Amino acid sequence: MINEMPEFYQPQVIEPKWQELWEQTGQYTAVAGGDKPKYYFLEMFAYPSGDLHWGHIRNYTIGDAVARYKAHCGYNVMHPTGFDSFGLPAENAAIQRKVEPHEWTLKNIENMTKQFKAMGYGYDWARAFNTCEPEYYRWNQWLFTRLFHAGLAYKKKSAVNWCPECQTALANEQVDNGACERCSATIEKRKMEQWYFRITDYAERLLDGHAQLDWPEDVLLMQKNWIGKSRGVEFAWALEGNDAELRVFTTRPDTVFGVTFMVLAPEHPLVEELTTPEQHAAVAALRDEVKSMSEMDRASTELEKKGAFTGAYALNPMDGSRVAIWVANYVMMEYGTGAIMAVPAHDQRDFEFARKYDIPVRIVIAPEGANMNADEMTAAFEAKGVMVNSGAYDGMRSDISWTKIAEEMEARGIGTRTINYRLRDWCISRQRYWGTPIPIVYCDQCGMVALPDEQLPLLLPTDVQFTGAGESPLTTSVAFMNTTCPQCGGPARRDADTMDTFVDSAWYFLRYCSPQCETAAFDAELVRYWMPVDMYIGGREHATMHLIYARFFTMALHDIGLLEFDEPFTKLFNQGIVTAGGKKMSKRSGAVPPNNVIAEYGADAARLFILFMAPAGERAEWGVDPETGKPFTVPAGIEGIDRFLNRYWRQIHMHGSAFTGEWVSVVDACDTRGQDMRRKTHQTIKRVTADIERFQFNTAIAAMMEMTNELYSYAAAGLAAT
RNA sequence: GCCCGGGUGGCGGAAUGGCAGACGCAACGGACUUAAAAUCCGUCGGUAGUAAUACCGUGCGAGUUCGACUCUCGCCCCGGGCACCA
């Protein structure tokens, strides 16, 4: 074996040889069953943007290193990959360059598969699939119909986030600070009828499930904040001279005696009715102003609080006091009831508003043993304290009165303790072409009808126009749009929208267990064997999108009876991003493919380099060439890795392999120096093992470098002695 | 504004309360070579000193400890998440 090795390290010779052999022998083909414990290892699959770049390389190299390590540890490892291949870039390419989205996507997949293979990753390629193929998306449709029948997929008309650039609705999760997460265009609100998944029904379980997950704390926290649970009381206010009631949600029932005004969101349905003729102009002006504002400006905390008095009054159910009803830009229709009770003494936002419009401030909670003066307050007192000016509750601790007041409201039948979540239902309709068609038809007789399984897949039509404007491109295919009702056979129309691509990735990990299954989205038996995913690796940016959606899907499919577990990913690791000039490396910001490094130094050098350059969980700066202003095609530090690989190669070529145990036996019988060498070998094994376990690949590599350096001194000393 | 994470040589980084700077890059000096590349040997936080060595040094300021990059408190800066969520 050693004799066959070339004298110099030649990755261009070695790597293809082994890669070919792995493919021939099925080295990484996973087979369910056997005595070994299973280990399902997954990295978030790639979008086929064109080229693999160093951000991908980092993710997949970490995954591959640990997957191989687990296999060596005696696990039956499944390590699949594929392509998340529906999405906007393919469609934009179609509009701009007149290429078929399918053709564009497949070309990219072909190229990236080549790059994946050149990197020498140990994937089970037989399990690979592309989500844009009917063989995959038919199961999206199949699952959609099941969610539909279970009442978890529903259609409603509401204000959706509309991206004017992408010409489509977006889910809340895909809006970043009022801007489109993809293209950064400012999001508008549009009233549209859209499909939703009932993820809010799972808010509590999504929180509870955290207890059983071995995930990074910050991701759990991000999800927790995203779900945004708050406990409070929803209760009714009577209106003066009006039979309707005004419902509000508050997390501070203990401050109810301090209410000095009420605020409605400008979109609140009661605004029109309550506004008196004298106040109409002012209220209308405010509503118009808010309506014309972008989501970004509207949601900004910097926005000056503005309001208008409606002329109407509400009556406090606790003490009968009469308070003015305002409309203001700082109350959101989407949360709670779209109306609030305002307590300026104990809520900073209400305080600012009251000061601006000269509304009284009434203190009802005071810090223990201290006096407060409403006129002298410069900020709201939001902490706990002792009740004052609160009738029968005076003198009680505010946290106790919280419960007492809530109980009183419940006893009197005017309110109930409720929980509100910030999480919104997941809007999945997209007015785009390159996605999964929604398997629903609209029949004049039968209404909305889900396609039966035997009519799936519902294929994406190819005779469409890509105008990039207006409604979904699918409407331009007459053959697609006009159909017959599966129930009554009468004329019917199809849904022109496609599904959010996050639906594809919400369950793809299940498909890998049985990628060829023809009878269902997945084979129950194989899913029982392989799932859940034991280790999942991907970017932190998916904390509140993909990772929440995937957990929701798993729970929903569990409830429908398709799965026996309800959490998909046992362990999660977030690799750090690769930046170039401080900006995340991506197709859009100038990505560097690994090709040059592989050609010049080999895949092993590429892999070691990306693992060595920074701790796996932290950001890694790639570096920008000061002359061109673009990221380096070949990084400066690669020389050190190349030197190490060469030193290592020569060492083994000359003296045999320390890492196969030959050194250990050779030095076993030797002098003290030999014993030191043996000790170093074992220390290195221990260090590298521990470092891989804790995802510290940079120090694992450093340990192997030290070992190699020591072998050199040992060999040099040995030669000098003889 | 609130919630996380971080701040260590010229650079990437190491050090799970115990010799700060492992490992690597860059730089510099040397060996080999006609020469270069490659390789090998060495120097490489600051100040003083020929040197041994001494003093200073992990964003800033305090504290706990025999001992602090590490723990606690306050502040500054950088990165990320959330953001009129009632």
Side-chain angles (χ1 to χ4, degrees), chain A residues 8 172 176-178 216-234 248-253 255 259 262-265 296-307 328-343 346-353 379-380 382 420-424 539-541 543-544 574 576-577 579 582-584 608-610 612-615 617-623 635-644 646-647 650 687 690-691 694 696 698-710 712-713 716:
Chain A
F8 298 104
N172 256 24
D176 182 7
N177 212 359
E217 281 303 318
D218 58 337
V219 171
L220 296 180
L221 208 66
M222 273 190 247
Q223 291 203 346
K224 194 179 161 205
N225 292 338
W226 187 262
I227 294 165
K229 176 179 182 173
S230 41
R231 293 164 207 279
V233 179
E234 191 181 315
V248 298
F249 173 75
T250 180
T251 55
R252 294 293 303 275
T255 64
V259 175
M262 307 292 283
V263 188
L264 304 180
M296 179 144 27
D297 296 334
R298 173 75 203 279
S300 166
T301 51
E302 310 294 306
L303 184 68
E304 194 193 350
K305 291 178 179 50
K306 266 191 183 176
N329 60 359
Y330 75 99
V331 173
M332 307 285 132
M333 193 57 221
E334 294 81 24
Y335 185 79
T337 62
I340 62 158
M341 61 173 220
V343 187
H346 306 292
D347 181 284
Q348 186 58 26
R349 294 155 301 180
D350 299 342
F351 181 81
E352 285 165 22
F353 190 83
E382 295 182 331
N420 255 299
Y421 300 95
R422 212 194 67 109
L423 185 71
R424 300 279 79 116
R540 204 174 263 100
E541 68 274 17
T544 56
N574 296 127
I577 54 170
T579 58
K583 288 205 175 89
K584 184 180 175 183
L608 283 174
F609 178 76
I610 198 69
F612 187 62
M613 75 181 289
E618 283 166 36
R619 125 198 313 256
E621 169 59 35
W622 183 258
I638 194 81
E639 289 291 341
I641 295 295
D642 187 52
R643 255 170 239 156
F644 163 61
N646 274 288
R647 279 164 67 78
R650 283 197 307 272
R687 273 177 65 188
D691 283 347
R694 62 187 185 123
Q696 291 284 327
N698 54 335
T699 49
I701 293 164
M704 290 189 282
M705 286 173 169
E706 276 185 61
M707 169 86 187
T708 305
N709 292 344
E710 194 120 335
Y712 264 81
S713 342

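This structure is a prediction, so every number in the text was calculated from the model and none was measured.
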| d(CZ, R349(A); P, A86(B)) in whole Å | 7 Å
Check the interface with nucleotides 38-42 of chain B: list each N/O to N/O pair with the protein under 3.5 Å, or write none.
unit_1: U39(B); atom_1: O3'; unit_2: R650(A); atom_2: NH2; d: 3.4
unit_1: C40(B); atom_1: OP1; unit_2: R647(A); atom_2: NH1; d: 2.5

| note | Looking only at G13(B), C82(B), G81(B), the nucleotide nearest the W226(A) side chain is C82(B)
| So which nucleotide from G13(B), C4(B), A22(B) ends up closest to the side chain of A702(A)? | A22(B)
| remark: Heavy-atom nearest nucleotide on RNA chain B taken for Q696(A) and for M705(A); more 5' hit belongs to Q696(A)
| field | Euclidean distance, atom CG of residue N698(A) to atom P of C23(B) [Å, nearest integer] | value | 14 Å
| field | Nucleotide paired to G57(B) in any strand shown, Watson-Crick or G-U, under 3.5 Å | value | none
| said: Using a strict threshold of under 4.0 Å (side-chain N to carboxylate O), is an ion pair present between D347(A) and R252(A)? | reply: no
| message | Using the side-chain hydrogen bond (donor to acceptor under 3.5 Å, both in side chains) criterion, which residues pair with N698(A)? Sequence neighbours excluded. | response | none
| said: Rounding to an integer number of Å, can you tell me how far N709(A) CG sits from C25(B) C1'? | reply: 14 Å
| field | Pairing nucleotide - A68(B), Watson-Crick or G-U, each distance under 3.5 Å | value | none
| remark: Between CD of E352(A) and C1' of C84(B) the distance, given in whole Å, is 9 Å
| message | Return the pairing partner of A14(B) with a 3.5 Å limit on both distances, Watson-Crick or G-U wobble; otherwise return none. | response | none
| field | G-U wobble or Watson-Crick pairing nucleotide for C82(B) (cut-off 3.5 Å, both distances) | value | G1(B)
| Between S230(A) and N420(A), is any side-chain donor less than 3.5 angstrom from a side-chain acceptor? | no
| message | Quick one: does any side-chain atom of D642(A) pair with a main-chain N or O of I638(A) as donor and acceptor, under 3.5 Å? | response | no
| task | Could you measure between the two P atoms, the one in U16(B) and the one in C85(B), and give it in whole Å? | result | 42 Å
| query | Do other residues, nucleotides or ligands put more than 12 heavy atoms under 6.0 Å from the NZ atom of K229(A)? | reply | yes
| Whether E352(A) side chain and K305(A) backbone form a donor-acceptor pair below 3.5 Å | no
| remark: Against the side chain of A636(A), the closest entry in C25(B), A14(B), C4(B) is C25(B)
| request: Specify the separation, in whole Å, of atom CD1 of I638(A) and atom C1' of A26(B). | output: 16 Å
| message | Quick one, F609(A) and M613(A) - any side-chain contact, counting heavy atoms below 4.5 Å? | response | yes
| task | Using both distances under 3.5 Å as the test, list the Watson-Crick or G-U wobble partner of G29(B), or none. | result | C41(B)
| How close or far is atom P of G79(B) from atom CG of D218(A), stated in whole angstroms? | 18 Å
| request: For T337(A), report the nucleic acid contact type (base, sugar-phosphate, nothing); a contact means any heavy atom under 4.0 Å. | output: nothing
| message | Output the rounded distance in Å from CZ (F612(A)) to P (C23(B)). | response | 10 Å
| said: Quick check on RNA chain B: between G582(A) and N225(A), whose nearest nucleotide comes earlier from the 5' end? | reply: N225(A)
| field | Out of A15(B), C85(B), C84(B), whichever nucleotide has its closest atom nearest the side chain of Y330(A) | value | C84(B)
| said: Checking contacts here: which listed nucleotide (C84(B), C23(B), A15(B)) is nearest the side-chain heavy atoms of T699(A)? | reply: A15(B)
| field | Length of the line joining I641(A):CD1 and C25(B):P, which is rounded to integer Å | value | 8 Å
| task | For E382(A), answer base if it contacts any base atom (sugar-phosphate contacts may also be present), sugar-phosphate if it contacts only those atoms, and nothing otherwise; contact means non-hydrogen atoms under 4.0 Å. | result | nothing
